[in-house]
Every structure is written in structure tokens, then in C-alpha cells.
Amino acid sequence: MTMTHSPRRTAALGALLVAVSAGTWWAWLGWDHEYYTDPATGQAAGPYRPWQVIGCILTLLAVAAIAHALMHTVAVGVAMTVGFAAGFASSSVPGDETGLALVGVFLVVIGMSFASVVLALVAVGVRLAVGRAH
């Protein structure tokens with residue numbers, strides 16, 4: 001199954017996906033900068049709690065599933081990576097005096113790119129399976 005969409009629709013959906021991906025960062029992780037003491041180990045942990053990370057991942061997966069139904073697979077991966085990395089950068093780079101935030105941005109881009117490739121393979125597999133079923 002091939003998807004053909006107008007450039008205007010693709011650009012609009014891409015821009016929306018960038019904004020939603022950045023918003024996902026802010027909604028789950030971008031607001032939390034405090035480390036906490038893990039009650040089980042007594043050691044400092046964080047700044048993100050496991051429930052925040054799990055919620056963020058599940059949200060990104062849901063967004064990706066919807067986006068893959070509406071857009072080309074490559075566009076989904078690029079838009080989500082750009083948006084999530086931009087959200088991370090907007091909260092970590094401004095107050096950084098060490099330069100390590102840029103390393104973090106690079107790592108977020110690498111991680112999101114890897115996840116995008118995996119999700120793209122799954123999306124293509126699902127499309128092929130649905131195409132064969134019909």
C-alpha cells in the first residue's frame with residue numbers, strides 16, 4: 001500500500017507531529033529537574049521517576065502509531081526525533097554551563113533515531129500484513 005499526500009498536508013502533519021513530540025517531552029519529563037533519594041537504596045536517583053519515563057514512552061508509541069497511519073514512515077521518524085530532541089534541548093541547554101547538555105541532545109537524537117527505525121520496521125511489517133490479508 002502506498003500513501004500519496006499533498007506536500008501541504010505532509011508539512012502540516014509533520015509540523016503538528018514535531019509540536020506533539022516536543023510537548024510529550026515537556027508533559028512527562030521537561031518540568032522535572034529535582035533528584036530524589038531512592039528509599040530502597042538510599043542513593044540519589046533521577047531526576048525522572050520510572051512512572052514518568054514509562055508514561056513518556058507509552059505516549060510516544062501511541063503518537064507514532066497514529067502518525068504512521070497518516071504519514072509516510074520516514075516523515076514520522078524525522079518529525080518525532082526533531083520534536084522530542086527540540087523539547088529536550090529547550091529545557092536542558094539554556095541553563096547548562098558545562099556543555100554536557102549538547103551531549104544529551106546528541107544522545108536523545110541517537111536514541112530517537114534508533115527507536116524510529118525499529119518502529120518504522122514494525123509499521124512496514126503491519127502494512128504488509130494488512131495488505132496481504134485484503
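Computed over heavy atoms, backbone and side chain alike; hydrogens, waters and symmetry mates excluded.
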If two hydrophobic side chains count as joined below 4.5 Å and joins carry through other members, does Ile66 share a cluster with Val18?
no

Straight-line distance of Thr10 OG1 to Leu17 CG, nearest 0.5 Å
12.0 Å

Check the pair Val126 / His68 against side-chain contact (heavy atoms from CB on, under 4.5 Å), numbers first and verdict last.
CA-CA 10 Å; Val126 168; His68 278 285; over 6 Å; no

Using side-chain heavy atoms (C-beta onward) and a distance below 4.5 Å, is Leu60 in contact with Cys56?
yes

Within a strict 4.5 Å, meaning less than it, do heavy atoms of the Leu61 and Leu119 side chains meet?
yes

Approximate separation, where rounding is to 0.5 Å, of Leu16 CG and Met71 CE
9.0 Å

Please list all pairs passing the side chain to side chain donor-acceptor pair (under 3.5 Å) test where one or both residues lie in residues 54-63, with sequence neighbours left out.
Trp28-Thr59

Any chain of hydrophobic side-chain contacts (each under 4.5 Å) joining Val63 to Ile57?
yes

Filter on side chain to side chain donor-acceptor pair (under 3.5 Å), then keep only pairs touching residues 30-42, sequence neighbours left out; what's left?
Asp32-Gln52

Run the side-chain donor-acceptor check on residues 75-96: report pairs under 3.5 Å with partners two or more places apart or on a different chain.
residue	atom	partner	partner atom	Å
Thr81	OG1	Gly77	O	2.8
Thr81	OG1	Ser116	OG	3.4
Ser90	OG	Trp26	NE1	3.1
Ser90	OG	Ala86	O	3.3
Ser90	OG	Gly87	O	2.8
Ser91	OG	Trp25	NE1	3.1
Ser91	OG	Phe88	O	3.1
Ser92	OG	Phe88	O	2.9
Asp96	OD1	Thr98	N	3.2
Asp96	OD1	Thr98	OG1	2.8
Asp96	OD2	Gly99	N	2.7
Asp96	OD2	Leu100	N	3.2
Asp96	OD2	Ala101	N	3.1

Can Val109 be reached from Val118 by stepping across I, L, V, M, F, W or Y side chains whose heavy atoms are under 4.5 Å apart?
no

Nearest-0.5 Å distance, CG of residue Leu107 to CG of residue Leu102:
11.0 Å

